[in-house]
Amino acid sequence: MAKFKKIKWGVIGLGNIAHQFVKDLALVPDAELIAVGSRTTDKALKFANQYNVKNAYGSYDELVADPDVDIVYIATPHDSHVDLTIKSLEQNKHVLCEKPIALNYSQAMQMVKTSKSTKKFFMEAFWTRFNPSLQEVLLKIKNGEIGEVKYINADFAFNIGTPQGRMIDIKTGGGSLLDMGVYPLFLAYVVLGSPDKVLASANFFESGADKQTSMILQYDNAQAVLHSSFVSPSDMVATISGAEGRIRLNAIWHETQSYAVIKNNHKVEYPFPTIGKGFTYEIKECHQCIRGQKIESNIWSHQNSLDLIKIVDEVRKQTGLEFPLEKTLN
């Protein structure tokens with residue numbers, strides 16, 4: 001078999017998630033990390049030295065302009081996703097952008113339109129969609145393993161302690177909803193689709209960012225009860241209940257290594273350990289799409305991202321969560 005030429009990655013935003021991502025990137029044989037970019041040269045050099053990266057840039061613009069970079073992974077705060085994605089696409093780069101895709105639907109549409117006009121691959125980095133356990137669970141649901149799905153219960157919650165930093169910074173899109181609430185919403189969406197009605201309520205920090213948000217998604221024949229929080233921990237187990245049984249995504253469910261099917265009081269566990277932390281699967285999907293000259297994934301498409309952020313917008317409308325830097329909110 002002929003060897004593929006390696007796909008060369010650049011990483012923008014060098015926080016905690018970028019460290020996790022590049023460790024998994026090293027596990028993908030046809031991936032090569034050749035550039036990292038930060039707002040300061042010192043931080044870029046420190047990161048580059050840690051992972052033996054050739055190019056360290058003290059600005060995002062420098063990395064985006066690097067002609068050797070094939071695809072940019074954007075791991076910056078939420079408020080900068082739209083500008084950095086569009087800038088990267090217009091510089092002839094493919095883009096994998098961290099979730100949530102943007103602050104709102106309007107921004108997400110701009111990103112999708114730019115991907116289409118530049119004919120460059122673009123995907124929201126919803127790594128859970130590519131998790132092997134979730135892939136198997138969705139197949140089992142499709143094949144009627146638990147009958148028609150009637151109820152989903154999922155949360156993402158922990159106690160951050162003293163509120164500070166990016167996670168509660170309203171200017172950058174901070175709060176539990178955009179950081180973590182998108183995961184439970186995602187699960188309801190991939191199983192049941194877009195809801196007919198959304199009910200949501202939230203409590204807020206003094207900064208204006210939400211500290212905890214509870215959501216009910218109403219469907220014709222099903223409901224999803226979902227929660228995100230920065231002020232209390234949870235088991236972080238997700239349950240999908242059907243007319244004939246239920247499936248449990250084991251903790252931590254959004255990066256799970258296993259799931260269980262429970263029917264007639266009988267439980268069967270299915271272990272499914274990931275390669276690395278689990279970012280490897282979305283990385284491989286990016287590579288397949290780029291080599292296939294596709295601008296979006298069939299597994300997590302542009303429309304999927306747009307549908308999900310539209311649900312997030314409705315939750316925000318219900319709770320009154322507003323971000324100062326938004327120009328519009330559709």
Side-chain angles (χ1 to χ4, degrees), residues 4-28 30-103 107-108 110-125 127 165-167 169 171-174 279 282-283 286-287 289-291 293 295-296 305 325 327:
F4 277 126
K5 181 181 178 182
K6 288 191 175 184
I7 290 177
K8 297 177 180 179
W9 287 75
V11 173
I12 289 178
L14 305 180
N16 180 54
I17 196 167
H19 283 274
Q20 297 176 43
F21 182 86
V22 300
K23 288 174 184 175
D24 272 14
L25 193 68
L27 301 176
V28 180
D30 61 339
E32 182 181 2
L33 178 60
I34 68 162
V36 294
S38 181
R39 287 175 294 184
T40 67
T41 302
D42 286 347
K43 188 171 184 178
L45 285 170
K46 184 179 178 181
F47 193 101
N49 288 336
Q50 182 175 348
Y51 297 102
N52 195 29
V53 183
K54 181 172 63 174
N55 299 309
Y57 296 114
S59 75
Y60 301 148
D61 286 350
E62 288 179 277
L63 185 144
V64 169
D66 186 331
D68 293 328
V69 172
D70 297 315
I71 179 169
V72 176
Y73 171 62
I74 296 172
T76 57
H78 316 320
D79 65 309
S80 59
H81 287 182
V82 60
D83 290 338
L84 289 173
T85 292
I86 289 173
K87 187 174 292 185
S88 299
L89 291 168
E90 289 179 341
Q91 286 286 335
N92 207 36
K93 305 291 187 287
H94 305 290
V95 173
L96 176 66
C97 180
E98 260 309 325
K99 81 209 76 59
I101 185 173
L103 291 181
Q107 290 185 350
Q110 295 176 48
M111 298 156 85
V112 168
K113 286 179 179 177
T114 306
S115 172
K116 291 179 178 177
S117 66
T118 58
K119 295 181 172 57
K120 304 304 291 185
F121 173 77
F122 166 58
M123 188 174 79
E124 180 185 18
W127 65 316
R166 177 196 65 77
M167 289 197 288
D169 186 354
K171 294 178 182 177
T172 62
F279 294 100
E282 69 176 0
I283 293 167
C286 290
H287 287 192
C289 290
I290 290 169
R291 296 192 194 285
Q293 298 183 315
I295 67 167
E296 63 181 315
S305 292
L325 296 183
K327 294 181 179 179

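The shortest heavy-atom contact between H287 and A31 is CE1-CB, 3.4 Å. A pairwise comparison of heavy atoms in Y73 and A125 identifies CE1-CB, 4.4 Å as the closest pair. Between A102 and M111, the closest heavy-atom pair is CB-SD, 3.8 Å. In plain terms, the two heavy atoms of G13 and A75 that are nearest each other are O-CB, 3.6 Å. Taking both residues in full, the closest heavy atoms of L14 and S38 are given as CD1-CB, 3.7 Å, listed atom of the first, atom of the second, then distance. Between D70 and K6, the shortest heavy-atom contact is OD2-O, 4.1 Å.
Between D61 and K87 there is a salt bridge, with a side-chain nitrogen of the basic residue lying less than 4.0 Å from a carboxylate oxygen of the acidic one. The pair D30-R291 meets the salt-bridge criterion, since a charged nitrogen lies less than 4.0 angstrom from a carboxylate oxygen.
No donor-acceptor pair closer than 3.5 Å links the side chain of N55 to the backbone N or O of A35. Under a 3.5 Å cut-off, the side chain of E124 and the backbone N or O of S305 do not form any donor-acceptor pair. Side-chain atoms of S115 come within 3.5 Å of backbone atoms of K120 as a donor-acceptor pair (strictly under, hydrogens ignored). Judged by distance alone, the side chain of H94 and the main-chain N or O of I71 form no donor-acceptor pair under 3.5 Å. Side-chain atoms of H81 come within 3.5 Å of backbone atoms of T76 as a donor-acceptor pair (strictly under, hydrogens ignored).
The only option from I295, V95, L84, V72 that meets the side-chain contact (heavy atoms from CB on, under 4.5 Å) definition with L89 turns out to be V95.
Counting heavy atoms from C-beta on, the side chains of T85 and I74 come closer than 4.5 Å. Annotation: side chain of K8 is not in contact with side chain of V69 (no heavy-atom distance under 4.5 Å). In this structure, C97 and M123 have side chains that are not in contact, with every pair of non-hydrogen atoms separated by 4.5 Å or more. Taking 4.5 Å as the limit, some side-chain heavy atom of Y60 sits within range of a side-chain heavy atom of R39. Two residues are said to be in side-chain contact when any heavy atoms from C-beta on lie closer than 4.5 Å; V64 and Y57 fail this criterion. Looking only at side-chain heavy atoms (C-beta outward), H78 and T172 stay at 4.5 Å or farther from each other. Put simply, the side chain of L96 does not reach to within 4.5 Å of the side chain of F121, judged on heavy atoms. At least one side-chain heavy atom of V112 sits less than 4.5 Å from a side-chain heavy atom of F122.
Taking CG from L63 and NZ from K93, the interatomic distance works out to 8.0 Å, rounded to the nearest 0.5 Å. Taken from CG in D169 to CG in D79, the straight-line distance is 8.0 Å, to the nearest 0.5 Å. With rounding to the nearest 0.5 Å, the separation of CG in D68 from CD1 in I34 is 5.0 Å. Taking CH2 of W9 as the start and CD1 of I7 as the end, the distance is 8.0 Å to the nearest 0.5 Å.
Side-chain contact of T118 with T114: a donor-acceptor pair under 3.5 Å is absent, judged by distance alone. Side-chain polar atoms of Q91 and S88 form no donor-acceptor pair below 3.5 angstrom.
Listed by chain and residue number, V36, V53, A56 satisfy the side chain to side chain contact (heavy atoms under 4.5 Å, CB included) test with A48 (two or more places apart in sequence, or in another chain). Applying the side chain to side chain contact (heavy atoms under 4.5 Å, CB included) rule to Q20 yields the partners N16, K277, F279; only residues at least two apart in sequence or on another chain are considered.
Residue pairs satisfying the side-chain hydrogen bond (donor to acceptor under 3.5 Å, both in side chains) criterion with at least one member in residues 42-54, sequence neighbours excluded, are listed as follows: H19-Y51.
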